[in-house]
Enquirer: 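Following this message is one structure expressed as C-alpha cells.
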Protein chains: 2
Amino acid sequence: MGHSQSEKKSNHERIVRTAAKRLREKGLEAVAIADVMKEVGLTVGGFYKHFDSRDDLVVEALRAASWQRSAQPADASEPSLSLAAFIDEYLSEKHRDRPGSGCLIGALAGDVARSNKRIRALATEKVRSALELIAGVLPGTTKESARKKAALTLSALVGALALSRAVSDESFSDEILQSVRELLKSVGTTDESSSVGAKSL
Amino acid sequence: MGHSQSEKKSNHERIVRTAAKRLREKGLEAVAIADVMKEVGLTVGGFYKHFDSRDDLVVEALRAASWQRSAQPADASEPSLSLAAFIDEYLSEKHRDRPGSGCLIGALAGDVARSNKRIRALATEKVRSALELIAGVLPGTTKESARKKAALTLSALVGALALSRAVSDESFSDEILQSVRELLKSVGTTDESSSVGAKSL
DNA sequence: ATTATCTATAGATCTATAGATAATGC
DNA sequence: ATTATCTATAGATCTATAGATAATGC
C-alpha cells in the first residue's frame with residue numbers, strides 16, 4: 001500500500017493512459033472507473049484522490065490522446081509525400097483494427113456529438129488543429145482552397161475509418177479503405193488542374 | 001388497460017419509431033427501455049410482450065430507420081442534379097441539428113463499430129445499399145470508377161456530418177459543412193476530366 | 001381463457017463516498 | 001500528521017421477471 005508522491009504520479013499517468021486507450025475502444029460512456037483502476041492494478045476507492053469525477057478523467061484522457069497516429073509530417077519539405085503516407089496509414093487495416101492506439105477523432109466523433117460542453121470544446125480544438133495541419137501540407141493556390149480541401153480530406157478520413165469499422169464484411173471494409181485511400185491521395189498530391197475523377201479511372 | 005390486437009400493433013409501431021429516433025439522438029447504449037415506453041405512454045412491464053430483449057428492439061428500430069433522409073433520387077434521368085441536391089440536404093445545418101430524424105449511418109457508425117454481430121451485419125447492408133445507390137447516380141466511365149467515387153462521397157458525407165456535430169463552435173461547424181458540400185458536388189457533377197481541385201478555386 | 005398492460009422488485013452495474021490501513025515525509 | 005490506497009457500501013439506474021388486473025375474443 002505504498003503511496004509516495006512519485007508513485008502517485010506514475011499511477012496517475014497510467015490511469016490516464018489506460019483510460020485513453022479504453023475510451024477509444026469502447027466509447028465515451030462504456031468505460032467504467034473500476035475496470036480502468038483494476039487494469040492499472042489499483043482499486044476503485046483510490047480513484048478520487050486523482051480526479052474529482054469521472055468526467056475529469058475523460059477530459060484528461062482525451063487531452064492526452066492524439067488525433068493523429070503518426071506525429072506531424074517529419075519532413076515539411078515534402079508535404080505531398082507526407083500527406084499521401086499519412087492517408088495510407090490512417091486508412092490502413094491496422095489502424096482500423098486497433099482503435100485503442102488510433103485516432104481520437106475517428107474513434108469518438110459520434111460520441112462527442114452527444115457529449116457535454118467541456119468535451120465538445122476540447123474536441124473542437126482537436127478537429128481545428130487537425131484541419132490546419134492537413135491544410136498546411138496540401139497544395140493549393142490559396143489558403144482558402146487548401147482549407148476547403150483539408151475539410152474534405154479530414155471528413156473522408158474520419159468517415160471511411162468509421163464505416164470500415166462499422167461494416168462486418170471484411171472484404172467490403174477493405175474496399176472502402178482502399179477506394180478512399182486512392183481517391184483521396186489525388187486530392188492532395190496532384191496540382192489544381194488534375195482531377196480526382198481522372199485519377200480514379 | 002385496453003389490449004386489443006390492433007392496439008398492440010399500433011403500440012408496437014410507436015415503440016419502434018420512438019426508439020429509432022432516440023437511438024439516433026443518444027446512441028445505441030444510452031436509450032433506456034423505461035424511457036421509450038414512457039414516451040409512448042406505457043410502462044416497462046409491457047415491453048417484453050413486444051420484444052424478447054432490448055437488443056431485439058434495437059435491431060428492429062435500426063431496420064425501420066432509413067440511412068438516407070430523402071428517398072431515392074426522384075428523377076433518375078438527372079442523376080447529377082439529384083446527387084447534388086442530396087449532398088446539399090445531407091450536409092445541411094438542419095440535418096446536423098436533427099439527428100433524431102436524420103441519417104442512421106451518420107449518427108451511429110461509431111457506435112455500430114463497437115456493437116455485436118447482429119447489429120453490425122444489419123449496418124453492413126445499410127452501408128452497402130447506400131454505396132450502391134450513390135454509385136448508381138454518379139457519373140463514371142466504368143462501374144468500378146463510380147463505385148470508388150461513391151465510397152469517397154459516402155465517407156465524406158458521414159465524416160463531415162459527424163465532425164460538424166462534434167464541434168461546438170457553430171461557425172467552424174458551418175465551415176466544415178459548406179466546404180465539403182462544395183467540393184463533394186464537383187466529384188459527382190463534373191465529368192472525368194474536370195477536377196475537384198479546379199472546382200474548389 | 002387468453003393476454004396486453006400494470007405495479008413491484010430482483011439482480012447487475014456504475015459513480016461516488018466513508019472509514020480503515022499503512023507508508024511517507026516533515 | 002498526512003495521504004495514497006484499500007474494503008465496503010449507499011444511492012442511482014437499467015434489464016428482465018413475477019404476479020395482479022382488466023379488457024378482448026373465442
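Order of the sequence lines fixes the chain letters, A, B, ..., with proteins taken first and strands second; residue numbering starts at 1 for each chain. Both backbone and side-chain heavy atoms feed into the values below; hydrogens, waters and symmetry mates do not.
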Enquirer: Is dT17(D) paired to anything, Watson-Crick or G-U wobble with both distances less than 3.5 Å, and if yes, which nucleotide?
Expert: dA8(C)
Enquirer: Verify the contact: side-chain N or O of Asn11(B) to OP1 or OP2 of dT5(C), cut-off strictly under 4.0 Å; return yes or no.
Expert: yes
Enquirer: Val44(A) or Arg54(B): which one's nearest nucleotide on DNA chain D is closer to the 5' end?
Expert: Val44(A)
Enquirer: Could you state the atom-to-atom distance from NZ of Lys8(A) to C1' of dT5(D) in whole Å?
Expert: 11 Å
Enquirer: Relative to each other, are the rings of His12(B) and His50(B) parallel, tilted or perpendicular (30° and 60° limits)?
Expert: tilted
Enquirer: Just how far, in rounded Å, is P of dT24(C) from NZ of Lys49(A)?
Expert: 17 Å
Enquirer: So that I can tick it off, tell me whether Asp169(B) and Arg120(A) are bridged by a salt bridge, with the cut-off set at under 4.0 angstrom between side-chain N and carboxylate O.
Expert: no
Enquirer: Strictly distance-based, threshold 3.5 Å: is any side-chain N or O of Arg181(B) a donor or acceptor partner for the main-chain N or O of Asp88(B)?
Expert: no
Enquirer: When you measure from the side-chain N and O atoms of Gln5(B) to the phosphate of dA4(C), is any distance below 4.0 Å, counting only OP1 and OP2?
Expert: yes
Enquirer: What integer distance in Å separates Phe47(B):CZ from dC6(C):P?
Expert: 13 Å
Enquirer: Roughly, in whole Å, what's the span from CD1 in Ile33(B) to P in dT5(C)?
Expert: 15 Å
Enquirer: I need the CD-P distance between Glu7(B) and dA22(D), as an integer number of Å.
Expert: 16 Å
Enquirer: Measuring from the side chain of Leu42(B) (C-beta onward, heavy atoms only), which nucleotide among dC6(D), dC6(C), dA16(C) has the closest atom?
Expert: dC6(C)
Enquirer: Taking DNA chain C as the partner, which of residues 15-31 of chain B come within under 4.0 angstrom of it by heavy atom?
Expert: none
Enquirer: What I'd like to find out is whether the side chain of Arg147(A) reaches to under 4.5 Å of the side chain of Lys143(A), using heavy atoms alone.
Expert: no
Enquirer: Does dT3(C) have a Watson-Crick or wobble mate here (both distances under 3.5 Å), and if so which one?
Expert: dA22(D)
Enquirer: Would the number of heavy atoms belonging to other residues, nucleotides or ligands and lying under 6.0 Å from CD of Glu175(B) be above 12?
Expert: yes
Enquirer: How close or far is atom P of dT15(C) from atom CG of Leu57(A), stated in whole angstroms?
Expert: 10 Å
Enquirer: Between His50(A) and dT5(D), does any side-chain N or O lie under 4.0 Å from OP1 or OP2?
Expert: yes
Enquirer: Any salt bridge linking Lys148(A) with Glu144(A)? Criterion: basic side-chain nitrogen under 4.0 Å from a carboxylate oxygen.
Expert: yes
Enquirer: Flag the pair Glu93(B) / Asp174(B) as yes when at least one side-chain heavy-atom distance between them is below 4.5 Å, and no otherwise.
Expert: yes
Enquirer: Starting at the 5' end of DNA chain C, which residue's closest nucleotide do you reach first, Asp52(A) or Ala32(A)?
Expert: Ala32(A)
Enquirer: Rounding to a whole Å, what distance do you find between His12(B):NE2 and dA4(C):P?
Expert: 12 Å
Enquirer: Any salt bridge between Asp35(B) and Arg22(B), counting N to O under 4.0 Å?
Expert: no
Enquirer: Distance check needed: dT17(D) C1' versus Phe51(B) CZ, whole Å only.
Expert: 18 Å
Enquirer: At less than 4.0 Å, is any side-chain N or O atom of Tyr48(B) found next to OP1 or OP2 of dA16(D)? Yes or no.
Expert: yes
Enquirer: Establish, with yes or no, whether the OP1 or OP2 oxygen of dC6(C) is under 4.0 angstrom from a side-chain nitrogen or oxygen of Thr43(B).
Expert: yes
